[in-house]
Amino acid sequence: MKNKKTCLEYIRLLQKGNNDDLIKLFIADAIVDSPIYGVMPAQEFYKKLKEDTKSSNLTIHGQFEDKTSGNIALYFNYKWILQSQKEVNFDVVDIIEFDTSHKIKKLKIIYDTFESRKLIDELKAG
């Protein structure tokens, strides 16, 4: 139950762009595996995401728990407004692995990056 509550708090804080509180949900050496930004420490990932994001709106479609491990797959829609004012709207699955203290140790993000990769490249090109 604690892992599910952590996931709901994660979605709430991600939508608000509250990185200070968001990163508290993770262990110190947590990793995020993103199809756009690659594999990196969670703190670095959320810093980069915030730099590229003007706002976001997330709508949860489902939350699925592996009863053996306690890991959770979050299925949600991500409406992402970039700093360039361009919008990317996609469904995503985050696979969240927890440690024994119910903190996130690894987050793997899965979604089709066709549209978002192009817009992020444009944003970085300036």
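Positions are given from 1, in the same order as the sequence printed here.
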Contact check, side chains of Lys48 and Met40, non-hydrogen atoms, under 4.5 Å: yes
CG/Asn19 to CZ/Phe45 distance, rounded to the nearest 0.5 angstrom? 9.5 Å
Closest non-hydrogen atom pair, Gly70 against Asn3: O-ND2, 2.9 Å
Work out which heavy atom in Phe76 is nearest to a heavy atom in Ile60; give both atom names and the distance. CB-CA, 3.7 Å
Please determine which of Ile110, Leu107, Ile95, Val39 meets the side chain to side chain contact (heavy atoms under 4.5 Å, CB included) test together with Asp33. Val39
Heavy-atom side-chain contact between Lys16 and Leu14 under 4.5 Å: no
In terms of heavy-atom contacts, Ile72 and Gln63 come closest through CG2-CG, 3.6 Å
N/O donor to acceptor pairs below 3.5 angstrom from side-chain atoms of residues 51-58, sequence neighbours left out:
unit_1 : atom_1 : unit_2 : atom_2 : d
Glu51  : OE2    : Lys47  : NZ     : 3.1
Asp52  : OD1    : Lys124 : NZ     : 2.7
Asp52  : OD2    : Tyr37  : OH     : 2.6
Asp52  : OD2    : Lys124 : NZ     : 3.2
Thr53  : OG1    : Leu49  : O      : 2.6
Thr53  : OG1    : Trp80  : NE1    : 2.7

Check the pair Lys86 / Glu122 against salt bridge (Lys or Arg N to Asp or Glu O under 4.0 Å), numbers first and verdict last. CA-CA 10 Å; Lys86 294 192 178 178; Glu122 287 175 10; 2.7 Å; yes
Asp91 vs His61, test: side-chain hydrogen bond (donor to acceptor under 3.5 Å, both in side chains). Steps then yes/no. CA-CA 9 Å; Asp91 285 339; His61 296 309; 3.3 Å; yes
Taking all atoms of both residues into account, what is the closest heavy-atom pair of Thr113 and Pro35, and its distance? CG2-CB, 3.4 Å
Is Tyr111 linked to Ile96 within one hydrophobic cluster, defined over Ile, Leu, Val, Met, Phe, Trp and Tyr using a side-chain heavy-atom separation of less than 4.5 Å? yes
In Å, rounded to the nearest 0.5 Å, how long is the span from CD of Glu44 to CD1 of Ile23? 10.5 Å
What I'd like to find out is whether the side chain of Glu65 reaches to under 4.5 Å of the side chain of Asn71, using heavy atoms alone. no
Is the count of non-hydrogen atoms from other residues, nucleotides or ligands lying under 6.0 Å from Gln43 atom CD greater than 12? no
Identify the heavy atoms of Ser69 and Asp66 that sit nearest to each other, and give their distance. OG-OD2, 3.2 Å
Is Leu74 reachable from Phe90 through a run of I, L, V, M, F, W or Y residues, each pair having side-chain heavy atoms under 4.5 Å apart? yes
Going from CG on Asn18 to CG on Asp20, what distance comes out if it is rounded to the nearest 0.5 angstrom? 6.0 Å
Reported CD1-to-CZ distance for the pair Ile104 and Phe26, which is rounded to 0.5 angstrom: 4.0 Å
Should Lys24 and Asp21 be marked as a salt bridge (Lys or Arg N to Asp or Glu O under 4.0 Å) after you check the CA-CA gap, both sets of side-chain angles, and the distance that decides it? CA-CA 5 Å; Lys24 291 176 186 174; Asp21 288 339; 3.3 Å; yes
Interatomic distance, Leu22 atom CG to Lys50 atom NZ [nearest 0.5 angstrom]: 9.5 Å
For the residue pair Asp29 and Ile27, establish whether any side-chain heavy-atom pair is separated by less than 4.5 Å. yes
Test ring pair (Phe, Tyr, Trp, His ring centres under 6.0 Å) applied to Phe98 - qualifying residues, sequence neighbours left out: none
Flag yes if Leu8 and Val93 sit in one hydrophobic cluster, no otherwise; membership is Ile, Leu, Val, Met, Phe, Trp, Tyr, and two members link when side-chain heavy atoms are under 4.5 Å apart. no
Interatomic spacing from NZ in Lys2 to OG in Ser101 - rounded to 0.5 Å: 9.5 Å
Do Tyr46 and Leu82 belong together in a cluster built from hydrophobic side chains that touch within less than 4.5 Å? yes
Over all atoms of both residues, closest heavy-atom pair of Ile109 and Val92: CG2-CG2, 3.6 Å
Should Ile81 and Ile120 be counted in the same cluster of Ile, Leu, Val, Met, Phe, Trp and Tyr side chains packed under 4.5 Å apart? no
Do other residues, nucleotides or ligands put more than 12 heavy atoms under 6.0 Å from the NZ atom of Lys103? yes
